[in-house]
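Encoded as structure tokens, the structure appears first; notes follow it.
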Amino acid sequence: MCKAMLISVGGSPQPIVKSIKNYKPEFVSFLVSQQTSEITILIVNALKEEKISFEYEQTICDNPEDLKECYKSAEKAVFRIEKKGFASTDTVVDYTGGTKSMSVALALASINYGFSYSYVGGTERTKGGVGVVVDGKEQIFSSINPWDFLAMKERETIATLFNSYQFKSAKEVADSLTNKTTKYRSLFRKIGLIIEGFYQWDLFRHADALRMFERAKVDDMLLEYEEDWVQQFAEDVLASVLKLKEVINDISKPGIAMIYDLFSNAERRYEEGKIDDAILRLYRIVEMIAQTKLAGKYGIDVSNTSVEKIPESLREEFIKKYLDEDSKKLKIPQNAAFLLLKELGDEVGKVFVKNEKNFKAIQHSRNYSYLAHGFQSSSPQNYSSFRDFVLSLNVIDPSKVWQFPKLKTSR
């Protein structure tokens, strides 16, 4: 369907008459020179005789041989289409007429809008086949959207941004392609939803992430597109969704899936160079490990547990330090939680207490960071030391840590 046309006008009206008869637009924005502006009237009158009418406007290019001047005029001609509110999918650019500078300028000025392009050639030309098309021998080469192949180059940009966790920027590029390409519109719409899903996941909005993946209908990508990079990405996303569902099942209580998810998030922040953010996540993991162990194995909620669940060897001390007078329940802090695990005979508690001196040194360093109480930036060595400590608790197996998939490039 064509509702609007953007046409460069040369000395011959017949190719343009043929083009407009073929597309039957509601509005035409003509790019003309001082010499060809009167040709527009001939075109309009010829079509009126065939009972074809449309609204039109002209943009005059004062110097049709100067590419820079032609480009400025072509931008104005494009704006006339935009101002009328016609969608890119309903607009065809015909660059047949005018000087070479006018045709090139029209293509350059309109390329980013996602318009389709059309050209009027012919089956017979003057001058032994190298001149102009003979009237009545015109042939239309129609409706080619250049973004149907340019989009495949732009996916390199999406991949670079996505693979470096710049999800918002990656989605902006995907969304722009959705509005430009015809052939791959559905694909980039789905990719945009997938990117949004990983963005929400990265912000710990797990339920929102799952909704995005479900809206993307990733299964359909496997059926609709045969390209290897699409197939691989779709399969990786489907595997990711299974991991996400494990996290969602754990979300109402401390659990091992949540611990792995947070560790994966910390690794991404470290990969980005956001060391302080990464360390904060490791700190939360240590706390979560204690909470998970106590809740899952011993039925102890560190924020609200009864005195009777504490071994007698620690009960008096815990009552003195952690009893909430209003609720008569214990609220047990992190280090005390590991001490409790040790007293209960748990291996995690034993390892923590054995290495508590190292942890306190790491904790001290963390407390002086910008994101805690100080004015220092944490170093990669701080992260590595803390990461080694977390792994020494033997709760996380690095080989089982799930990371977001990468979008394959053509290189």
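Computed from a prediction, not measured in an experiment: that's the story for all the values here.
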### Task
Please report the shortest heavy-atom distance between Ser103 and Gly98, naming the atom on each side.
OG-O, 4.5 Å
### Query
Does a side-chain heavy-atom distance below 4.5 Å link Met5 with Tyr23?
yes
#### Entry: Donor-acceptor pair between Ser110 and Tyr117 side chains, under 3.5 angstrom
yes
#### Entry: Short side-chain to backbone donor-acceptor contact, Asn355 and Asn358, under 3.5 Å
no
### Task
Please tell me if the side chains of Pro64 and Ser101 come closer than 4.5 Å, counting only heavy atoms from C-beta onward.
no
### Task
Using a cut-off of 6.0 Å, state whether more than 12 heavy atoms not belonging to Lys331 lie near its atom NZ.
yes
### Query
Phe359 vs Tyr283 aromatic rings, parallel, tilted or perpendicular, using cut-offs 30° and 60°?
parallel
### Query
Pick one: which of Ser8, Ser118, Ser19 meets side-chain hydrogen bond (donor to acceptor under 3.5 Å, both in side chains) with Asp94?
Ser19
### Query
Which pairs pass side-chain hydrogen bond (donor to acceptor under 3.5 Å, both in side chains) with one or both residues in residues 36-46, sequence neighbours excluded?
Ser33-Thr36, Thr40-Gln58
### Task
Could you please spell out the steps behind the ring-ring contact (aromatic ring centres under 6.0 Å, His included) verdict for Phe27 and Tyr56?
CA-CA 5 Å; Phe27 173 77; Tyr56 71 93; 8.6 Å; no
### Heavy atoms from other residues, nucleotides or ligands near CD of Gln403 exceed 12 (cutoff 6.0 Å)
yes
### Query
How far apart are the closest heavy atoms of Ile259 and Val395, and which atoms are they?
CD1-CG1, 4.5 Å
### Message
Hydrogens and angles aside, do Asp228 and Gln232 bring a side-chain donor and acceptor to less than 3.5 Å of each other?
### Response
no
### Task
List the steps and the verdict of salt bridge (Lys or Arg N to Asp or Glu O under 4.0 Å) for Glu172 and Lys168.
CA-CA 6 Å; Glu172 286 176 7; Lys168 293 190 74 172; over 6 Å; no
### Message
Between Lys84 (side chain only) and Ile81 (backbone N and O only), is there a donor and an acceptor less than 3.5 Å apart?
### Response
no
### Query
Is Ile7 close to Ser29 at the side-chain level, that is, under 4.5 Å between some pair of heavy atoms?
no
### Message
Quick one: does any side-chain atom of Ser88 pair with a main-chain N or O of Lys180 as donor and acceptor, under 3.5 Å?
### Response
no
### Message
With a 6.0 Å cut-off (strictly less than), is the heavy-atom count around NZ of Lys406, excluding the residue itself, greater than 12?
### Response
yes
### Message
Between Arg80 and Leu6 (side chain of the first, backbone of the second, donor and acceptor by atom type, cut-off under 3.5 Å), is there such a pair?
### Response
no
### Query
For the atom pair CE (Met258) and CD1 (Ile248), what is the distance rounded to the nearest 0.5 Å?
10.5 Å
### Message
Looking at every heavy atom in both Glu271 and Asn163, which two are closest together, and how far apart are they?
### Response
OE2-O, 4.4 Å
### Task
Examine distances only and state if a side-chain atom of Asp261 and a backbone atom of Ala257 form a donor-acceptor pair shorter than 3.5 Å.
no
### Task
Would you mind reporting whether Arg387 and Glu267 have side-chain heavy atoms less than 4.5 Å apart?
yes
### Task
For the pair Glu272 and Arg269, find out whether any cationic side-chain nitrogen is under 4.0 Å from an anionic carboxylate oxygen.
yes
### Task
Compute whether any side-chain donor of one residue and acceptor of the other, for Tyr298 and Asp346, lie under 3.5 angstrom apart.
yes
### Task
Determine, step by step, whether Asp324 and Lys328 satisfy the salt bridge (Lys or Arg N to Asp or Glu O under 4.0 Å) criterion, reporting the C-alpha distance in whole Å, the side-chain angles of both residues, the deciding distance to 0.1 Å, and the verdict.
CA-CA 5 Å; Asp324 181 81; Lys328 301 301 179 184; over 6 Å; no
### Task
Look only at the side chain of Lys3 and the backbone of Phe86, and say whether a donor-acceptor pair between them is shorter than 3.5 Å.
no
### Query
Hey, are Glu316 and Lys320 close enough for a salt bridge, meaning a charged N less than 4.0 Å from a carboxylate O?
no
## Note on the structure
Of all heavy-atom pairs linking Leu314 and Leu340, the shortest is CD1-CA, 3.9 Å
### Query
Crowded around Lys72 NZ? As in, over 12 foreign heavy atoms under 6.0 Å?
no
### Query
With a 3.5 Å cut-off and no angle check, do the side chains of Gln381 and Ser385 form a donor-acceptor pair?
yes
### Query
Between the main-chain N or O of Arg189 and the side-chain N or O of Asp175, is there a donor-acceptor pair closer than 3.5 Å?
no
### Task
Quick one: pull up OG1 in Thr178 and CD1 in Ile191 and give me the separation to the nearest 0.5 Å.
8.5 Å
### Query
Any side-chain heavy atom of Phe213 within less than 4.5 Å of one from Phe198?
yes
### Message
For Val218 and Val241: C-alpha separation, side-chain torsions, deciding distance, then whether side-chain contact (heavy atoms from CB on, under 4.5 Å) applies.
### Response
CA-CA 10 Å; Val218 184; Val241 171; 5.6 Å; no
### Message
Check this for me, if you would: do Glu287 and Arg284 make a salt bridge, where the nitrogen-to-carboxylate-oxygen distance has to be below 4.0 angstrom?
### Response
yes
### Message
Is it true that Gln231 and Glu235 share a donor-acceptor pair across their side chains at a distance under 3.5 Å?
### Response
no
### Query
Should Phe30 and Thr59 count as side-chain neighbours, where that means a heavy-atom distance under 4.5 Å?
no
### Task
Enter the distance from Trp402:CH2 to Leu242:CG here, rounded to the nearest 0.5 Å.
8.0 Å
### Query
What heavy-atom pair brings Gly299 and Lys309 nearest, and what distance separates the two atoms?
O-NZ, 2.6 Å
### Task
Take atom CZ of Arg315 as the centre, draw a 6.0 Å sphere, and report whether it contains more than 12 heavy atoms from other residues, nucleotides or ligands.
yes
### Summary
Residues Ser306 and Leu330: closest non-hydrogen pair is O-CD1, 4.2 Å
### Query
Do Glu65 and Thr99 have side-chain atoms, one donor and one acceptor, less than 3.5 Å apart?
no
### Query
When rounded to the nearest 0.5 angstrom, what is the spacing between CD in Glu347 and CZ in Phe352?
15.5 Å
### Task
Run the numbers on Arg268 and Asp202 for side-chain contact (heavy atoms from CB on, under 4.5 Å), then give the verdict.
CA-CA 9 Å; Arg268 290 195 295 275; Asp202 212 34; 2.8 Å; yes
### Message
Please determine whether side-chain contact (heavy atoms from CB on, under 4.5 Å) holds for the pair Glu227 and Tyr184, giving the CA-CA distance in whole Å, both sets of side-chain angles, and the decisive distance to 0.1 Å.
### Response
CA-CA 12 Å; Glu227 291 91 335; Tyr184 295 104; 3.4 Å; yes
#### Entry: Verdict with supporting geometry, Val348 and Phe338, side-chain contact (heavy atoms from CB on, under 4.5 Å)
CA-CA 8 Å; Val348 170; Phe338 280 102; 3.6 Å; yes
### Message
Does any part of the side chain of Phe54, heavy atoms only, come nearer than 4.5 Å to the side chain of Glu26, both counted from C-beta?
### Response
no
### Task
Indicate the ring-plane relationship of Phe389 and Phe386, choosing parallel, tilted or perpendicular according to the 30° and 60° boundaries.
tilted
### Message
I'd like to know if the side chain of Asp301 and the backbone of Ala295 have a donor-acceptor N/O pair within less than 3.5 Å.
### Response
no
### Query
So do the side chains of Asp397 and Tyr260 get within less than 4.5 Å of each other, counting heavy atoms only?
yes
### Mutual orientation of the aromatic rings belonging to Phe233 and Phe162 [parallel < 30°, tilted 30-60°, perpendicular > 60°]
perpendicular
### Message
Below 30° counts as parallel, above 60° as perpendicular, anything between as tilted: where do the rings of His206 and Trp201 land?
### Response
perpendicular
### Message
I need the Ser392 OG to Lys354 NZ distance, nearest 0.5 Å.
### Response
10.0 Å
#### Entry: Side-chain donor or acceptor of Ser169 paired with backbone N/O of Gln166 under 3.5 Å
no
